[in-house]
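Only one structure is covered here, and it is reproduced in the block below.
Counting starts at 1 for both ligands and their atoms, in listed order.
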Amino acid sequence: MLELRSATKTYDDGHPVHALRETDLFIGEGDYLTVTGASGSGKSTLLNLLGLLDVPTTGSYHVLGTPVNELGETHRGAVRGQVFGFIFQNFHLLAGRSALENVEMGMLYGPYGRRERRRLARETVERLGLGHRAHADPRMMSGGERQRVAVARAVAGRPRVLFCDEPTGNLDSANTDNVLEALRGLNAEGLTLVVVTHDRAVAAEGRRRIAVTDGSVAEHEPAA
Ligand code: ADP
Ligand code: MG
């Protein structure tokens with residue numbers, strides 16, 4: 001469903017920074033990939049290319065068979081909004097809005113009307129075990145609850161792929177377990193997951209493990 005072919009990313013800060021060296025990566029429907037590597041190795045660069053948040057310097061990228069390099073930013077934005085969901089380390093929730101409102105706002109740029117957004121938000125908040133917190137302000141929530149609200153916001157509009165950059169980076173182990181359980185459940189329902197992490201326990205969740213070293217991407221052989 002996602003395919004990078006000979007993709008590279010080079011930043012030019014006066015001198016070239018090879019953030020991603022030539023990479024071929026095929027991601028199938030329902031895959032669960034975890035991506036590890038040292039700070040500065042290129043993990044976020046890879047995630048940003050896959051998530052259409054950035055464009056490769058060379059090479060191509062296909063999403064659901066469409067060569068997205070050739071699309072203009074409006075089209076790329078539409079694919080991003082309808083096919084992809086994102087969660088980040090720092091939650092990025094709006095304070096002063098309820099959990100439910102945050103989840104609804106995540107669907108503003110998708111195809112759903114107001115009533116449908118409300119219905120999907122309620123359903124997703126319940127499914128992630130946050131029904132009792134639906135009207136709470138994220139500021140009053142634990143880190144784990146906040147991250148589950150962020151997961152709900154990312155998946156309520158039914159994306160096909162969820163990209164997570166250090167989703168448990170700010171959580172203690174009990175809250176990490178809660179978020180991992182939520183991700184496992186979503187993957188079991190068919191959602192494709194790509195999760196960047198420093199945490200070994202989180203990395204172990206993936207059925208495919210990718211290591212990034214100095215811009216080079218390698219896949220671990222699956223354990224026998
Ligand atoms: P990671 O997520 O593994 O910590 P990144 O993908 O963020 O690593 O960064 C990979 C390399 O690319 C680093 O050397 C980083 O400094 C560089 N880099 C990332 N973003 C930019 C940018 N916008 N401009 C210049 N260099 C960048
Ligand atoms: Mg990063």
Hey, could you give me each pair passing salt bridge (charged side-chain N to carboxylate O under 4.0 Å, His left out) that has a residue in residues 169-180? Not counting sequence neighbours.
none
Scan side-chain atoms only and decide if Ser60 and Asn69 contain a donor-acceptor pair under the 3.5 Å cut-off.
no
Mind checking whether Val151 and Phe84 sit in one hydrophobic cluster, side chains of I, L, V, M, F, W, Y counted as touching below 4.5 Å?
no
Could you measure the distance from the CG atom of Leu53 to the CZ atom of Phe163? Nearest 0.5 Å is fine.
8.5 Å
Side-chain ion pair, Glu73 and Arg80, N-O less than 4.0 Å:
yes
When you check ligand 1 against the protein, what N or O pairs turn up below 3.5 Å? List the atom names and distances, or just say none.
{"from": "ligand 1", "atom 1": "2 (O)", "to": "Ser44", "atom 2": "N", "distance (Å)": "2.9"}
{"from": "ligand 1", "atom 1": "2 (O)", "to": "Ser44", "atom 2": "OG", "distance (Å)": "2.9"}
{"from": "ligand 1", "atom 1": "3 (O)", "to": "Ser41", "atom 2": "N", "distance (Å)": "3.2"}
{"from": "ligand 1", "atom 1": "3 (O)", "to": "Ser41", "atom 2": "OG", "distance (Å)": "3.4"}
{"from": "ligand 1", "atom 1": "3 (O)", "to": "Gly42", "atom 2": "N", "distance (Å)": "3.0"}
{"from": "ligand 1", "atom 1": "3 (O)", "to": "Lys43", "atom 2": "N", "distance (Å)": "2.9"}
{"from": "ligand 1", "atom 1": "3 (O)", "to": "Lys43", "atom 2": "NZ", "distance (Å)": "2.8"}
{"from": "ligand 1", "atom 1": "4 (O)", "to": "Gly40", "atom 2": "N", "distance (Å)": "2.7"}
{"from": "ligand 1", "atom 1": "6 (O)", "to": "Ser44", "atom 2": "N", "distance (Å)": "3.4"}
{"from": "ligand 1", "atom 1": "6 (O)", "to": "Thr45", "atom 2": "N", "distance (Å)": "2.9"}
{"from": "ligand 1", "atom 1": "6 (O)", "to": "Thr45", "atom 2": "OG1", "distance (Å)": "2.6"}
{"from": "ligand 1", "atom 1": "8 (O)", "to": "Gly42", "atom 2": "N", "distance (Å)": "3.2"}

With rounding to the nearest 0.5 angstrom, report the OG to NE2 distance, Ser216 to His18.
11.0 Å
Determine whether the side chains of Thr8 and Thr58 contain a donor N or O and an acceptor N or O closer than 3.5 Å.
yes
Excluding water, the protein N, O or S atoms sitting under 2.8 Å from the Mg ion (ligand 2) are Ser44 OG
Look up atom CG in Leu64 and atom CD in Glu29, then write down how far apart they are to the nearest 0.5 Å.
8.0 Å
Side-chain donor-acceptor contacts of residues 117-131 below 3.5 Å, not counting sequence neighbours, with atom names and distances?
{"from": "Arg117", "atom 1": "NH1", "to": "Tyr112", "atom 2": "O", "distance (Å)": "2.9"}
{"from": "Arg118", "atom 1": "NE", "to": "Glu104", "atom 2": "OE2", "distance (Å)": "2.8"}
{"from": "Arg118", "atom 1": "NH2", "to": "Glu104", "atom 2": "OE2", "distance (Å)": "2.8"}
{"from": "Arg119", "atom 1": "NE", "to": "Glu116", "atom 2": "OE1", "distance (Å)": "3.2"}
{"from": "Arg119", "atom 1": "NH1", "to": "Glu123", "atom 2": "OE1", "distance (Å)": "2.9"}
{"from": "Arg119", "atom 1": "NH2", "to": "Glu116", "atom 2": "OE2", "distance (Å)": "3.0"}
{"from": "Glu123", "atom 1": "OE2", "to": "Arg158", "atom 2": "NH2", "distance (Å)": "2.9"}
{"from": "Thr124", "atom 1": "OG1", "to": "Leu120", "atom 2": "O", "distance (Å)": "2.6"}
{"from": "Arg127", "atom 1": "NH1", "to": "Glu189", "atom 2": "OE1", "distance (Å)": "2.5"}
{"from": "Arg127", "atom 1": "NH1", "to": "Glu189", "atom 2": "OE2", "distance (Å)": "3.3"}

